[in-house]
Structure formats: structure tokens, C-alpha cells
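Beneath this line is the structure, given in C-alpha cells, with notes to follow.
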Amino acid sequence: MNTLRSLRPLASRIHPCTLPRVVSRPLSATAGKSYEFIQTSEPKPGVGQVTLNRPKALNALSTPLINELNEALLAFNASESISVIILTGSQKAFAAGADIKEMAPLTFARAYTQSFIESWSQLTTQVKKPIIAAVSGHALGGGCELSMMADILYCTETANFGQPEIKLGTIPGAGGSQRLTRAIGKSRAMELILTGRSFTGAEAAQWGLAARAFPSYEALMEGALQTAETIAGYSRVAVIGAKEVVNKSQDLPLRDGVEYERRVFHGIFGSQDQKIGMKAFAEKQKPEWTHE
């Protein structure tokens, strides 16, 4: 509750429902591109980074911000030099909520016919490369939902997650009720959504929502970069294939999922990297991936 009180000065702008500091060279895929609400960078070879950047609003999510985010993610996805993407905010907030000024005047007809916030989930359907969410500070409502859309979720132990939409007379709208339930189970997710109670990054890791929780912001960003760099060192063909089959496990019954996995596994035998990788292993050499 103390956290929510600290957000009250922003209540007129932020709905409590709904990246690391940029110190690297410019991203080739978006060279010369200037964004208003995000920043892009390439902190390591093969690693792209998108940093949410609305500091005065604690990175409150809005349609203009999401449009920029989707544009940057698709540029990274299309880049021949990028293999993995980090999505982050500031030390104080990943994303503290959604912009209430945009949502408050909506009518049912307008929200329904214009598919309001449907574009927020675009990264789950159009980005084939792995996304690592690095969460520090507040990740409430839409911010929590955005973090759960990533393929790997890292956070600080003190990160503040939650789906408090019930307190404003509404419900999660960007997948919170679905992804949170799948990650931590029905009973616990139901309790959190019906009470609007927030939970820590340490709890997120304990429950399996986050892959790891780090003791500090610096450790979080270092850990995210290390993991991203490791993934970027593998065959992009295999990495994209691995992401695809793991995601299918969330949609398919076990038997169908295993059969789907096998088909993708067979397909990768048509890649150059499969030959390169197995030959290098047999010869005890380091593979030189072609990503083909």
C-alpha cells in the first residue's frame, strides 16, 4: 500500500494497471531514428535493447509509446545483426501503469470497434527473436502484462509487480488474467487479481513468474546482458526454433506439442548451422555460425 500511495501524485495520468540505461553505440537497424518515448541501443554484438523512456510518468504506457515500441522491436527482428532483444525501463519503473487520460473517456463501442490495446500484444505474434524483460521498480497492470509477454523475465528482488485494475473498477485487458494464471496457478492469480495486491520480484521468482531475481539494478542489467550475449552466440536459426517450440507448449496439448517440436527439429536438419554445429562438436572446434 505504501507503494500505491507513492504513485498518487501521478494518479491523474497513470492507471496502476498496466530500458537499462543507454550507454552503448547507436543501433544500426534504427540508425538516425529518433523516438519520443523509447530509446534504442546495441549494448553488445548481436544484442538490441529497447528502453522505455517516459520518466515523468514512470514509463506509463500509451498508444504512442506502444507504437514506437512495436516499430523498434520489428526493426530489431528484421535486423541481420541482432539475435536477441532486451526490453527494460528505469531503475525506478519498468512501467507503472497505463495512461489513464487515454483510457478514461473510452466508450465500449469505441474500445471494441477500434480493438483498443490489441497492438500491445504485437510483440508476442510478430517478433521471432527472444525478448528478455529486465524489470526494476514498478511493473503494475499493463507494465506487469508487458513484462509477462517477454520470453524471459528477469527482475530485481524489490521489483513491484501487480494487477490492481480491480481498484479502478475494471479488469486486466492485455493478457494479465491469462499469462499470470498460467505462470503461477489459478488460486494465487485469482487472489492477486481480485484483491489488487502487489507482489515483489523475489516472490515472482519464487512462484516461477520470473526466471531470476537479482539483488540490485546493476546486477539485473548485468545478468540480462550476460544471458542475451550467451543467446546471441548461438545459431539464430536454432534460437528462433527453440523459442517457437517452447511457446507452442503453452497452446497445445502435450501430444500435439511433442509432434510439433519434432517437425521443427526435423526442419532444422535443413539448415547450414545444424551441419556446422555437429561437425564442430565432433571435431572439438568452435562453431562459426552462418545463421542460415
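- Considering all non-hydrogen atoms of both residues, Ala95 and Leu52 come closest at CB-CD1, 4.2 Å.
- Rounding to the nearest 0.5 angstrom, the gap separating the CD1 atom in Ile276 from the NZ atom in Lys286 is 13.5 Å.
- Take Phe199 and apply the ring-ring contact (aromatic ring centres under 6.0 Å, His included) test, not counting sequence neighbours, and it matches Phe161, Trp207.
- Taking 4.5 Å as the limit, every side-chain heavy atom of Val84 sits out of range of all side-chain heavy atoms of Thr230.
- Contact annotation: the side chain of Gln163 approaches that of Met148 to within less than 4.5 Å [non-hydrogen atoms, C-beta and beyond].
- Between Ala150 and Ile132 the shortest heavy-atom distance is CB-C, 4.4 Å.
- At a threshold of 4.5 Å between non-hydrogen side-chain atoms, the residues Phe94 and Leu87 count as touching.
- We find the CG-CD distance between Asp273 and Glu288 to be 10.5 Å, quoted to the nearest 0.5 Å.
- In the hydrophobic clustering, Ile166 connects to no other residue, as no ILVMFWY side-chain heavy atoms lie under 4.5 Å from its own.
- At most 12 non-hydrogen atoms from other residues, nucleotides or ligands lie less than 6.0 angstrom from NZ of Lys92.
- With hydrophobic clusters built from ILVMFWY side chains whose heavy atoms lie under 4.5 angstrom apart, Trp289 does not share a cluster with Val239.
- Residues Pro64 and Phe37 share a closest heavy-atom pair of CB-CE1, 3.6 Å.
- Note that the OG1 atom of Thr124 and the CG atom of Asp151 stand 9.5 Å from one another [nearest 0.5 Å].
- For Glu292, the side chain to side chain contact (heavy atoms under 4.5 Å, CB included) test picks out Gln272, Thr290, with sequence neighbours left out.
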Item to check | Leu192/Ile184 under side-chain contact (heavy atoms from CB on, under 4.5 Å): CA gap, chis, key distance, verdict | outcome: CA-CA 11 Å; Leu192 293 170; Ile184 68 175; 3.7 Å; yes
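- Ile86 contributes atom CD1, which lies 4.0 Å from atom CG of Leu225 (distance to the nearest 0.5 angstrom).
- The local environment of CD in Glu80 is sparse, with at most 12 non-hydrogen atoms from other residues, nucleotides or ligands closer than 6.0 Å.
- Between Leu123 and Ile85 there is no side-chain heavy-atom pair separated by less than 4.5 Å.
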Item to check | side-chain contact (heavy atoms from CB on, under 4.5 Å) between Leu74 and Gln122, intermediate numbers included | outcome: CA-CA 9 Å; Leu74 289 176; Gln122 185 171 315; 3.1 Å; yes
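- Checked against Ser83 for a side-chain hydrogen bond (donor to acceptor under 3.5 Å, both in side chains), the options Glu229, Lys129, Arg236 give a single hit: Arg236.
- Asn70 places a side-chain heavy atom less than 4.5 Å from the side chain of Ile66.
- Identified under the salt bridge (charged side-chain N to carboxylate O under 4.0 Å, His left out) test for residues 171-187, with sequence neighbours left out: none.
- Contact check for Pro43 versus Met221: no side-chain heavy atoms found under the 4.5 Å cut-off.
- Residues Cys144 and Ala139 share a closest heavy-atom pair of CB-O, 3.1 Å.
- Between the Glu145 side chain and the Gly176 main chain, a donor and an acceptor come within less than 3.5 Å of each other.
- In Tyr234, the OH atom is not crowded: 12 or fewer heavy atoms of neighbouring residues, nucleotides or ligands sit closer than 6.0 Å.
- Cluster membership for Val245 and Ile131, using ILVMFWY side-chain heavy atoms within less than 4.5 angstrom, is not shared.
- In this structure, Ile193 and Pro172 have side chains that are in contact, with non-hydrogen atoms separated by less than 4.5 Å.
- Nearest heavy-atom pair, Ala211 versus Ile152, reported as atom, atom and distance to 0.1 Å: CB-CG2, 4.0 Å.
- Residue pairs meeting the ring pair (Phe, Tyr, Trp, His ring centres under 6.0 Å) criterion with at least one partner in residues 163-183, sequence neighbours excluded, do not occur; the list is empty.
- Between Lys128 atom NZ and Ile240 atom CD1 the span is 9.0 Å, to the nearest 0.5 Å.
- Between Leu220 and Cys155, the shortest heavy-atom distance links the atoms CD1-N, 3.5 Å.
- There is no path of hydrophobic side-chain contacts, each under 4.5 Å, that joins Val237 to Val127.
- Between atom CD1 of residue Ile268 and atom OG of residue Ser235 there is a gap of 7.5 Å, rounded to the nearest 0.5 Å.
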Checklist entry - Could you walk me through whether Arg188 and Glu203 pass the side-chain contact (heavy atoms from CB on, under 4.5 Å) check? => result CA-CA 12 Å; Arg188 182 172 280 144; Glu203 288 175 309; over 6 Å; no
For residues 252-265, which side-chain donor-acceptor pairs fall under 3.5 Å, sequence neighbours excluded?
| unit_1 | atom_1 | unit_2 | atom_2 | d |
| --- | --- | --- | --- | --- |
| Tyr260 | OH | Glu244 | OE2 | 2.3 |

